[in-house]
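Remember, predicted model here, so these are calculated numbers, not experimental data.
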Amino acid sequence: STKFDSNSTYVVDANPASPSITATNVVGETIEVVFNASATADIDYYQVWSSAASGSFDLIAQIPESDFASSMTVIDASFSITGTMSYRVYAVKNGRYSSPATDSQAISAPTLDVGSLSVVNLNTAYYIQYNMPESRFVDHVEIYMDSEAVQGNLTRTGATLVYSGNN
């Protein structure tokens, strides 16, 4: 914005002070990003950006003035891979961005195998039952079948896909 001081001298707003990330915590299959407010008064909003595996950053949250507190929290459930997630938090005032507060957090997906798998031979078909893993990282299951005389000879490359879905 254009501002003049009492002597009619043009004044340029400085970039706001950076917020500070105080913690990144794994919470279930999400990451909690906790940050403190900027020391600059009258911030318009905060933005939280994330990046998976050193890729490009994407905006995951914008905190409006009505939600400001001395300490704020954003839960990141936007990622669909495991590894190290990187974060940047900016304070924005009059269109000017602070330097980013930065941090990262490693996350691993839980075991993604189905449970209680059973197969019943119905002579002309097979009846397959299983329990889906409780994970947001699973959107479908693929079941392969291989038939060999010796168990050690079973391989996925020699198997045939017999089911793909989430039922």
For [Y], is there any backbone N or O sitting under 3.5 Å from a side-chain donor or acceptor partner on [X]?
X: Ser18; Y: Ser99; value: yes
X: Ser38; Y: Ala91; value: no
X: Asp103; Y: Ile21; value: no

List, by chain and number, the other hydrophobic cluster members for Tyr144, where Ile, Leu, Val, Met, Phe, Trp and Tyr join if side-chain heavy atoms come within less than 4.5 Å, directly or indirectly.
-> Leu161

Joining Ile, Leu, Val, Met, Phe, Trp and Tyr whenever any side-chain heavy atoms lie under 4.5 Å apart, the cluster holding Val92 also takes in Tyr45, Trp49, Phe57, Leu59, Tyr90, Tyr97

Shortest non-hydrogen contact from [X] toward [Y]:
X: Glu29; Y: Ile107; result: C-CD1, 4.0 Å
X: Ala17; Y: Thr40; result: N-OG1, 2.7 Å
X: Ala101; Y: Pro19; result: CB-O, 3.2 Å
X: Ile31; Y: Met85; result: CD1-CG, 3.7 Å
X: Val141; Y: Met132; result: CG2-SD, 3.2 Å

Any side-chain heavy-atom pair of Ser50 and Ser78 under 4.5 Å | yes

Phe35 vs Tyr46 side-chain heavy atoms within contact, under 4.5 Å = yes

Is there a path from Val26 to Val33 through hydrophobic residues (I, L, V, M, F, W, Y) whose side chains come within less than 4.5 Å of each other?
-> yes

List the atom pairs, with distances to 0.1 Å, where a side-chain N or O of residues 145-154 and a protein N or O form a donor-acceptor pair under 3.5 Å, not counting sequence neighbours.
{"residue": "Asp146", "atom": "OD2", "partner": "Thr155", "partner atom": "N", "Å": "3.0"}

Result block: side-chain N/O donor-acceptor pairs under 3.5 angstrom for residues 66-74, not counting sequence neighbours:
none

Show every donor-acceptor pair shorter than 3.5 Å between a side-chain atom in residues 115-127 and any protein atom, with sequence neighbours excluded, or say none if there are none.
{"residue": "Ser116", "atom": "OG", "partner": "Asn131", "partner atom": "ND2", "Å": "3.3"}
{"residue": "Ser118", "atom": "OG", "partner": "Gln129", "partner atom": "OE1", "Å": "3.4"}
{"residue": "Asn121", "atom": "OD1", "partner": "Asn123", "partner atom": "N", "Å": "2.7"}

Between [atom1] of [X] and [atom2] of [Y], what distance do you get to the nearest 0.5 Å?
X: Thr30; Y: Asp76; atom1: OG1; atom2: CG; answer: 8.0 Å
X: Asp44; Y: Ile63; atom1: CG; atom2: CD1; answer: 14.0 Å
X: Glu32; Y: Gln105; atom1: CD; atom2: CD; answer: 10.0 Å

Partner residues of Glu65 under the salt bridge (Lys or Arg N to Asp or Glu O under 4.0 Å) criterion, sequence neighbours left out | none

Derivation and outcome, side chain to side chain contact (heavy atoms under 4.5 Å, CB included), residues Ser164 and His140 | CA-CA 7 Å; Ser164 179; His140 78 284; 3.4 Å; yes

